[in-house]
Every structure is written in C-alpha cells, then in structure tokens.
Amino acid sequence: MQNQSGKKQLIVITGPTAVGKTDLCIRLAKEFSTVILSADSRQFYQQMSIGTAKPGKEELAAVPHYFIGQLSIDAYYNVSMFEQQAMDLLDDLFQKHERIILTGGSGLYIDALCNGVDNFPDIDPEVRLKLKNDFAERGIEWLRDYLKQLDPEYYNIVDIHNPNRMTRAIEVCLATKKPYSQQRFGVKKTRPFEILRIALNRPREILFERIHQRTNAMIDEGLVEEVRSLLDYRHLNALNTVGYKEIFAYLDGEWTLEQAIEKIKTNTRRYAKRQITWFKRTPDYHWMHPDEYQNILDLIKQTCDA
RNA sequence: GGUACCAUAGCUCAGUAGGUAGAGCAACGGACUGAAAAUCCGUGUGUCCCUGGUUCGAUUCCGGGUGGUACCA
C-alpha cells in the first residue's frame, strides 16, 4: 500500500463551502477504512452545528472524526495551535492508518498543517484588546503610524487598509520587541508524510444553487433556535460567522427573517468565492468534480501505489 | 375599452439642454502566517423595449407598436 518513499499519505480534500466535501470524504474514508480530520475553523466549536453544516450523527458514527466540536464556544484558538495538535494527532493515527483524510474549507488551517507556520510567541489577549480599542478610538492612521514606527519594512508591504493585519504585526512587535518582518520566514516545513491535495469544485451556478438549498435546509433544521441559544456569546469571534451574524440581526429586529436568509446566501456565496481564490494560488491542487469518484480514487491509489 | 405615467446594467433607479451612459446592491477578479466562515483591495459587465420620422448625428425630440403600473369605465 505504501509508495516508494515508504511514507504515509495525507489526502487533503478541500473546496468551497457546500461543494460536497463531507459526502465524498465519508465515502473515501470507508473505502480506505480510515479516519477524517477536519480543518474547518467553525466546525471546531461544539455549540455551532446547524450553521456550520457539521457532519450529521450518522456520518460521525460511520467514520471517526477529529477536530469536530472539540472546542467550547468561548475557547481561544488559533492556527498555530491547530498545526501542533494536528501534527501530534497524525503522528499517532499514522501508526494505524496508511492514509488519512484531511477535509474542510479553511485554507489557512490546511496550509498550516501542510506547510507549517512561523513561530511567534503567544500574545497576551489584553494587548490585542487594547490595540483594538485604540484603533476604534483613534482610527486607522494611528494604526499605520504605530506600525510604521515599530516595523517600517512590514509597513511597506502590508495592506494599510486592513486593520487586522496591522494589529497583528504590532502585537507581535510589542510582544517580542523585534520587528514582525524579521520573524516571518515563510519557510515550508517538511512533513513525515506525503500530501495529496484535491480541491473540489462545481460550475458556479450549481454551487450557488446548492448554497441556496443548504441555507433553506439549515433554517428548516432550526438554525434560528441554535443562534438564539448563543445570544449570550455573540461578541465572541467564533460567532462572527456567516449564518450566525445575520440571524443575530434578525433577532435584533434589524432584518426580517427573509432578509436575513437572503443575506446568509449572499455572504455564503462570497465566502465560497474567497475560498476558491485562496485554493487557486496553491498549484499543487488537483481540481476535481465531487462526482468523479472513480477518478479521485484512481488519483489517490496512483499516487500511493506508484 | 379610455386616460395618465413608466420602459436605461442581473435588481432598484439616476442621467444625457441631441454627440452611444452611471450610482447603490448583486456579480466578477484579487490579497492573505495565531481573528481566516475573519479582514481587506480592485473591476461597469449595457441592442438605453421595438419600429418609423426629424437631424450630420436619436437612448434623449415626434408618431406608431408592444409590455407594465395606476386611475376611469
């Protein structure tokens, strides 16, 4: 079953939201009697199920899943923690499996596991909070000036319209007392396993139709109630999420339910577009249609049995 | 059936004192290293309903047609 190098294989199955990743992965996992790791930054949260289109009970029972619902809604989490935990877990799981499936739509998380991310110290949450407040009070010019002073090199390449990017750089500078740009290496880490990257896609029109249908299904399954039960946590980052923020606006009386549903569909379409843009820049992806099961199977076997 | 008003981008609409047109939303393209379903940047994609007339030139003015809306019958 192993390839020439004797390495195990991580099969990455990604693609835009609603393309059909879950169904395909369940089928593949059964075929290879293996397990599924999720790289979906919102399905991590225990209390977010309907709105994140988590795999259903039957699916979770059929194949062991990891990184689904392992976090409480108020837990802090980041991509570096994911990299570490997933690497540790893979180390263990590859003892028993030749192939393991990684699926999900969070491109940053997938890339962190495949390529690694640079090492930065943990940042005191108070620092970020203070920067956030200062920015709200003093505006983006202040943020720019601050960054320019701490790290002129990064200032020159950063998107100076993007507060999140600049805030991140500043907090690293403050925590390390060194410019952020001098700690960004972007070196690709080598992994002790082979990685096969597959990106699923469908004609745009069809994808959008699926988003439309799936959003309606979420409402039928009780999305409004799920969101209502999370009202106390609405300020948390985890809930700054398509499908949740729109329903909050409905519960606030800002939009009708119909308006909120339309907004969810629109924002989901945009999210799907951003995902596709992200995946396109990694040339390793084999772009496949989710229905090409045999071709996907052949690709996996070919890569591994070669 | 009559009268009035309307017909411009995917949608809602603005505009052109006659020189082939522009906003919002949608859409499309892009960026991305601990917030990533986040955050941010860029792009107008058009038989100006059809058809005659006037004019060097009509989306714009005039006539007719078609469709829609409102009111009157």
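First the proteins, then the strands, lettered A, B, ... as listed; each starts at 1. No hydrogens, no waters, no symmetry mates; every other heavy atom, side chains included, goes into these values. Everything quoted here is computed from the prediction, not taken from an experiment.
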Which residue pairs pass the ring-ring contact (aromatic ring centres under 6.0 Å, His included) test when at least one of the two sits in residues 225-255 of chain A, sequence neighbours left out?
->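 For residues 225-255 of chain A: none.
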Between [N] and [M], how far is it from one [atom1] atom to the other, in whole Å?
N: B:rU47; M: B:rU60; atom1: C1'; result: 16 Å
N: B:rG29; M: B:rC71; atom1: C1'; result: 49 Å
N: B:rA37; M: B:rC11; atom1: P; result: 33 Å
N: B:rA9; M: B:rC28; atom1: C1'; result: 14 Å
N: B:rC49; M: B:rG68; atom1: C1'; result: 11 Å
N: B:rG53; M: B:rG46; atom1: C1'; result: 26 Å

Scan A:Lys263 against the nucleic acid and name what it touches under 4.0 Å (heavy atoms): base, sugar-phosphate only, or nothing.
->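 No contact.
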A:Tyr154 near the nucleic acid: base, sugar-phosphate alone, or nothing, with a heavy-atom cut-off under 4.0 Å?
->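 The residue A:Tyr154 makes no contact with any strand.
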Rounding to an integer number of Å, can you tell me how far [X] [atom1] sits from [N] [atom2]?
X: A:Arg204; N: B:rA26; atom1: CZ; atom2: C1'; answer: 13 Å
X: A:His161; N: B:rG30; atom1: NE2; atom2: C1'; answer: 14 Å
X: A:Gln182; N: B:rU33; atom1: CD; atom2: P; answer: 17 Å
X: A:Ile276; N: B:rC32; atom1: CD1; atom2: P; answer: 17 Å
X: A:Glu205; N: B:rG10; atom1: CD; atom2: C1'; answer: 13 Å
X: A:Ile211; N: B:rA26; atom1: CD1; atom2: C1'; answer: 14 Å
X: A:Ile157; N: B:rC32; atom1: CD1; atom2: P; answer: 10 Å
X: A:Lys273; N: B:rG42; atom1: NZ; atom2: C1'; answer: 11 Å

Less than 4.0 Å between a side-chain N and a carboxylate O, is that true for [Y] and [X]?
X: A:Arg197; Y: A:Asp111; value: yes
X: A:Glu59; Y: A:Lys21; value: no
X: A:Lys189; Y: A:Glu83; value: yes
X: A:Asp151; Y: A:Arg184; value: no

Dot-bracket encoding of pairs in RNA chain B, which uses [ ] for pseudoknotted crossings and | for another strand, Watson-Crick or G-U under 3.5 angstrom | (((((((..((((.....[..)))).(((((.......))))).....(((((..]....)))))))))))).
Mind jotting down which residue pairs meet the salt bridge (charged side-chain N to carboxylate O under 4.0 Å, His left out) criterion with at least one end in residues 279-300 of chain A? Sequence neighbours excluded, please.
->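 Non-adjacent pairs meeting salt bridge (charged side-chain N to carboxylate O under 4.0 Å, His left out): zero.
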Under the salt bridge (charged side-chain N to carboxylate O under 4.0 Å, His left out) rule, what pairs show up with a residue in residues 22-42 of chain A, not counting sequence neighbours?
->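 Non-adjacent pairs meeting salt bridge (charged side-chain N to carboxylate O under 4.0 Å, His left out): zero.
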Give me, pair by pair, the N or O atoms of the protein and of nucleotides 34-38 of chain B that are less than 3.5 Å apart, along with how far apart they are.
{"from": "B:rG34", "atom 1": "OP2", "to": "A:Arg168", "atom 2": "NE", "distance (Å)": "3.0"}
{"from": "B:rG34", "atom 1": "OP2", "to": "A:Tyr180", "atom 2": "OH", "distance (Å)": "3.3"}
{"from": "B:rG34", "atom 1": "O2'", "to": "A:Arg168", "atom 2": "NH1", "distance (Å)": "3.1"}
{"from": "B:rG34", "atom 1": "N7", "to": "A:Ser80", "atom 2": "OG", "distance (Å)": "3.4"}
{"from": "B:rG34", "atom 1": "O6", "to": "A:Asp118", "atom 2": "O", "distance (Å)": "3.2"}
{"from": "B:rG34", "atom 1": "O6", "to": "A:Phe120", "atom 2": "N", "distance (Å)": "2.7"}
{"from": "B:rG34", "atom 1": "O6", "to": "A:Phe120", "atom 2": "O", "distance (Å)": "3.1"}
{"from": "B:rG34", "atom 1": "N1", "to": "A:Asp118", "atom 2": "O", "distance (Å)": "2.7"}
{"from": "B:rG34", "atom 1": "N3", "to": "A:Arg168", "atom 2": "NH2", "distance (Å)": "3.4"}
{"from": "B:rA35", "atom 1": "OP1", "to": "A:Arg128", "atom 2": "NH2", "distance (Å)": "2.5"}
{"from": "B:rA35", "atom 1": "OP2", "to": "A:Tyr76", "atom 2": "OH", "distance (Å)": "3.4"}
{"from": "B:rA35", "atom 1": "OP2", "to": "A:Arg128", "atom 2": "NH1", "distance (Å)": "2.2"}
{"from": "B:rA35", "atom 1": "OP2", "to": "A:Arg128", "atom 2": "NH2", "distance (Å)": "2.2"}
{"from": "B:rA35", "atom 1": "O5'", "to": "A:Arg128", "atom 2": "NH1", "distance (Å)": "3.4"}
{"from": "B:rA35", "atom 1": "O3'", "to": "A:Asn237", "atom 2": "ND2", "distance (Å)": "3.0"}
{"from": "B:rA35", "atom 1": "N6", "to": "A:Asn164", "atom 2": "OD1", "distance (Å)": "3.4"}
{"from": "B:rA36", "atom 1": "OP1", "to": "A:Arg42", "atom 2": "NH1", "distance (Å)": "2.4"}
{"from": "B:rA36", "atom 1": "OP1", "to": "A:Arg42", "atom 2": "NH2", "distance (Å)": "3.2"}
{"from": "B:rA36", "atom 1": "OP1", "to": "A:Asn237", "atom 2": "ND2", "distance (Å)": "2.8"}
{"from": "B:rA36", "atom 1": "OP2", "to": "A:Tyr109", "atom 2": "OH", "distance (Å)": "3.1"}
{"from": "B:rA36", "atom 1": "N6", "to": "A:Arg165", "atom 2": "NH2", "distance (Å)": "3.4"}
{"from": "B:rA37", "atom 1": "OP1", "to": "A:Ser41", "atom 2": "OG", "distance (Å)": "2.0"}
{"from": "B:rA37", "atom 1": "OP1", "to": "A:Ser106", "atom 2": "OG", "distance (Å)": "2.9"}
{"from": "B:rA37", "atom 1": "OP2", "to": "A:Ser106", "atom 2": "OG", "distance (Å)": "3.4"}
{"from": "B:rA37", "atom 1": "OP2", "to": "A:Tyr271", "atom 2": "OH", "distance (Å)": "3.0"}
{"from": "B:rA37", "atom 1": "O2'", "to": "A:Thr241", "atom 2": "OG1", "distance (Å)": "3.3"}
{"from": "B:rA37", "atom 1": "N7", "to": "A:Asp40", "atom 2": "OD1", "distance (Å)": "3.2"}
{"from": "B:rA37", "atom 1": "N6", "to": "A:Asp40", "atom 2": "OD1", "distance (Å)": "3.4"}
{"from": "B:rA37", "atom 1": "N6", "to": "A:Asp40", "atom 2": "OD2", "distance (Å)": "3.3"}
{"from": "B:rA37", "atom 1": "N6", "to": "A:Thr52", "atom 2": "O", "distance (Å)": "2.9"}
{"from": "B:rA37", "atom 1": "N1", "to": "A:Gly51", "atom 2": "O", "distance (Å)": "3.3"}
{"from": "B:rA38", "atom 1": "OP1", "to": "A:Lys245", "atom 2": "NZ", "distance (Å)": "2.9"}
{"from": "B:rA38", "atom 1": "OP2", "to": "A:Arg274", "atom 2": "NH1", "distance (Å)": "2.4"}
{"from": "B:rA38", "atom 1": "OP2", "to": "A:Arg274", "atom 2": "NH2", "distance (Å)": "3.0"}
{"from": "B:rA38", "atom 1": "O3'", "to": "A:Asn240", "atom 2": "OD1", "distance (Å)": "2.8"}
{"from": "B:rA38", "atom 1": "N1", "to": "A:Arg165", "atom 2": "NH2", "distance (Å)": "3.2"}

Is the phosphate of [N] approached by [X] (side-chain N or O, under 4.0 Å from OP1 or OP2)?
X: A:Arg281; N: B:rG30; value: no
X: A:Lys280; N: B:rG30; value: yes
X: A:Thr266; N: B:rA26; value: no

Given a cutoff of under 4.5 Å between side-chain heavy atoms of I, L, V, M, F, W and Y, with clusters grown through shared members, what are the other residues clustered with A:Ile68?
->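 Members besides A:Ile68, by chain and number: A:Leu60.
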What orientation do A:Tyr109 and A:Tyr77 show, parallel under 30°, tilted 30 to 60°, or perpendicular over 60°?
->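 It falls in the parallel class, under 30°.
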Please step through salt bridge (Lys or Arg N to Asp or Glu O under 4.0 Å) for the pair A:Glu194 and A:Lys7, ending with a clear verdict.
-> CA-CA 6 Å; A:Glu194 298 255 303; A:Lys7 283 182 182 170; 5.2 Å; no
